[in-house]
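Written below as structure tokens is the structure these notes are about.
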Amino acid sequence: MKNRKVATILNRIADLLEMDGVDFRTKAYRRAAHTVEFLSRDIQDVRNEGKLEELPGIGKNLSKKIEEIIDTGSLEYYENLKKEFPVDFEALVAIEGLGPKSIKLLYDELGIKNLEDLEKAAKRHRIRRLKGMGDKKEHQIIENLKFARKTTGRTLLGQILPLAEGIKKELEKSDVSDVEIAGSIRRMQETVGDIDILVVTDKPKQVMDYFTSMDEVGKIIVKGLLKSTIRLKNGVQVDIRVFNEDSFGSALLYFTGSKETNIDMRKIAIRNGLKLNEYGVYMDEKQIAGKTEEEVFRKLGMQYIEPELRENRGEIEAALKGKLPKLVEYNEIMGDLQIHTKWSDGDASIQDMAQKTGKLGYEYIAVTDHTGSLKIAGGMDENGIKRQIKEIDKLNQNLDEIIVLKGVEVNIDSEGRLDVSNELLENMDIVVAALHSGFRQSREKLTGRIVSAMENEHVNIIAHPTGRKIHYRMAYELDLEKIFEVSKETGTFLEVNSQPNRLDLKDINIKRAIEEGCKLVINTDAHNLDQLSYMKLGTSTARRGWAESKDIINTLPLKKLEKLLS
DNA sequence: GCCGTTTTCGGCCCGACTGTTTTCAGTCG
């Protein structure tokens, strides 16, 4: 998968061009980088088919450059640009208040190339003497330097969601008639850079004062009547925008993004002789829509696009043609098919997990504790599995709100073998299989291990298929196209694992899997009672992958699911 | 550098806030 590498180089070129004051060509590189980064296929395959130019934003010139990157691993044009501007752009631009123009000025006038140079120059008061700079700006740079070095970057959605909801609750106590969480959180992106909040009020002064003086506020970065930005004590940035009721829909649309989707929607407005901004849809000077998002989409001649789809990955074209999928709904999930208990590495008893899930409105769960070879996770031996089966049978006689299915999460060893005998697997309602080690094997070997597990007639589900852990380890090398093909052939379901740092398969792979005709299952992989609520994260990931309920097997009622499993 | 429901040339989203400015450039989202 060279997609990441190609996208990174294209983005770096855009950075350097931006520094040089190049305008629209910069945008072209960024657009192409976006296309490549979120392509659900291997860019190398597209290149081999000679179809690079069919991708949005990629023409003759860029397709040649991409070919050069794929073939040689580098790009002469990029190398030359780097020589011209030998600055650590990425580090410098991470400083709040520094953009391409300032970085160019600092390099041209003071030879500043990196954070160390910047710090020295600022402390010697050499920056305040530059044109357009001043002592405030210099001070700001010194302040923000400290922070930029400590910053950890993006936060997991699962971590930031409760924080954002807390701030929303807090703001509801102020003079507002409405508060909504927008931005990438509303789009349910797997990681989030900041919290965006939109409020409706006719007392903006009071609300902004309230917002900037909340207990959690560490630093006020910007404060105005219509927009403010703060940094919480824990380092997370929060942006707030104030609107009135008549603009609520267009404001929510704008503030939810993504930026790329916003830009394309504004272009559609222009094409229709209209103007779209955060205050509404305008014909000449007159607002003709804006109160609700639905109204805005309608005026632009499009279907309503769910927030999770707003990533400029083809949803705008589909909405214009009326061909958007009908996404799986959060309340359509009927059960959870990967749950751990005290029998292996979970914290709760089977009964506790069952009772909690019964309250969530599910019809069924599957208890899928680890098996023998996974000693570290307290894996059960075959006798343990047999005893657990008996316990579940007994429990089911006393539970009326939910059915507990008998499952295991078997380990796929380094040669693709399972660690539980087929005789025993035959007795299980559901068998989940996964890799837990040997991630550094070759692509062929890793793919082969999963394929042989899928070819076992007892295996129903491949759990966390790519093994990635966000911020911790990359997905292992896999031929996903092959996995999808065998998944479809054998009727093995691919998991969308809901753990906040897994979300695996991820959105673009889900989309591809569905296109290939695979069926998926959304599981929490919960190890305690609280983690059962992660289902929301897995479902949002599936929605971001354009999944409909027909693609997700645990939207089925028990009877139909059992038929499918058999 | 890309693209086309007025275009193969001439466009390319739009607005708020800050700091350094006497009217605007740069940054940010």
Side-chain angles (χ1 to χ4, degrees), chain A residues 10 13-14 17-19 21-35 52-66 77 92-106 127-141 144 182-184 187 192-198 204 208 212 220-231 237-243 247 250-251 253-282 300-301 312 316 320-321:
Chain A
L10 296 178
I13 291 173
L17 290 175
E18 208 170 356
M19 240 182 95
V22 177
D23 196 0
F24 298 113
R25 206 143 46 88
T26 305
K27 289 193 166 70
Y29 275 90
R30 293 229 190 271
R31 172 142 195 252
H34 181 266
T35 295
L52 284 175
E53 282 189 50
E54 288 176 23
L55 299 174
I58 294 174
K60 259 203 170 68
N61 196 314
L62 276 170
S63 85
K64 275 213 184 100
K65 289 196 165 73
I66 292 171
Y77 175 66
L92 291 170
V93 85
I95 306 285
E96 175 86 37
L98 278 195
K101 295 280 155 41
S102 309
I103 293 172
K104 173 89 174 355
L105 181 74
L106 290 168
I127 290 174
R128 62 176 65 183
R129 293 199 287 268
L130 299 180
K131 185 162 176 273
M133 299 283 175
D135 54 347
K136 267 195 176 173
K137 196 89 188 175
E138 191 177 79
H139 186 68
Q140 192 186 61
I141 286 172
N144 291 339
S184 51
R187 301 201 310 279
V192 172
D194 61 8
I195 298 175
D196 296 304
I197 293 188
L198 181 156
M208 285 310 194
T212 50
I220 299 170
I221 298 173
V222 173
K223 185 179 177 188
L225 276 181
L226 298 174
K227 91 182 234 188
S228 295
T229 298
I230 57 156
R231 188 144 50 225
Q237 184 174 309
V238 187
D239 295 331
I240 192 170
R241 288 282 308 251
V242 168
F243 291 91
S247 295
S250 45
L253 184 66
Y254 154 76
F255 217 28
T256 298
S258 66
K259 185 181 173 189
E260 289 78 15
T261 298
N262 283 345
I263 290 175
D264 273 21
M265 288 195 57
R266 287 172 178 199
K267 284 182 190 166
I268 287 165
I270 293 170
R271 219 161 64 200
N272 291 323
L274 304 169
K275 182 172 84 169
L276 171 63
N277 59 26
E278 54 263 55
Y279 300 103
V281 179
Y282 291 84
L300 297 181
N312 203 0
I316 291 181
L320 284 167
K321 290 182 193 150

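Bear in mind the structure is a predicted one, so any value in this text is a computation, not a measurement.
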Which atom pairs, one a donor and one an acceptor, fall under 3.5 Å between side chains of residues 52-63 of chain A and the rest of the protein, sequence neighbours left out?
| residue | atom | partner | partner atom | Å |
| --- | --- | --- | --- | --- |
| A:Asn61 | OD1 | A:Lys65 | NZ | 2.6 |
| A:Ser63 | OG | A:Gly59 | O | 3.4 |
| A:Ser63 | OG | A:Lys60 | O | 3.1 |

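Of the residues near DNA chain B, A:Arg241 and A:Arg25, the one whose nearest nucleotide (by heavy atom distance) lies more toward the 5' end is A:Arg25.
Looking only at side-chain heavy atoms (C-beta outward), A:Phe255 and A:Asp239 come within less than 4.5 Å of each other.
Rounded to a whole Å, the CD1 atom of A:Ile268 is 13 Å from the P atom of B:dG4. Here the C1' atom of nucleotide B:dC3 and the CD1 atom of A:Ile270 are 14 Å apart, to the nearest Å. In this structure, the CG atom of A:Leu276 is 12 Å from the C1' atom of B:dG15, given to the nearest Å.
Residue contacts shown for A:Asp23 are absent, as no nucleic acid heavy atom lies under 4.0 Å away. Among the protein residues, A:Ile263 comes within range of the nucleic acid bases, having at least one heavy atom under 4.0 Å from a base atom. Within the 4.0 angstrom heavy-atom criterion, only backbone atoms of the sugar-phosphate kind lie near A:Tyr29; the bases stay farther away.
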Check nucleotides 19-27 of chain B for protein N or O atoms closer than 3.5 Å to its own N or O atoms and list the pairs.
| residue | atom | partner | partner atom | Å |
| --- | --- | --- | --- | --- |
| B:dT20 | OP1 | A:Gly134 | N | 2.8 |
| B:dT20 | OP1 | A:Gly134 | O | 3.4 |
| B:dT20 | OP1 | A:Lys137 | N | 3.3 |
| B:dG26 | O3' | A:Ser102 | OG | 3.3 |
| B:dT27 | OP1 | A:Gly99 | N | 2.8 |
| B:dT27 | OP1 | A:Gly99 | O | 3.1 |
| B:dT27 | OP1 | A:Ser102 | N | 2.9 |
| B:dT27 | OP1 | A:Ser102 | OG | 2.3 |
| B:dT27 | OP2 | A:Lys101 | N | 3.1 |

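Judged by Watson-Crick or G-U wobble contacts below 3.5 Å, the nucleotide B:dC12 has B:dG1 as its partner.
Residues forming a side chain to side chain contact (heavy atoms under 4.5 Å, CB included) with A:Arg129 (at least two apart in sequence, or on another chain): A:Arg126.
Note on A:Gln237: a side-chain N or O is less than 4.0 Å away from OP1 or OP2 of B:dG29.
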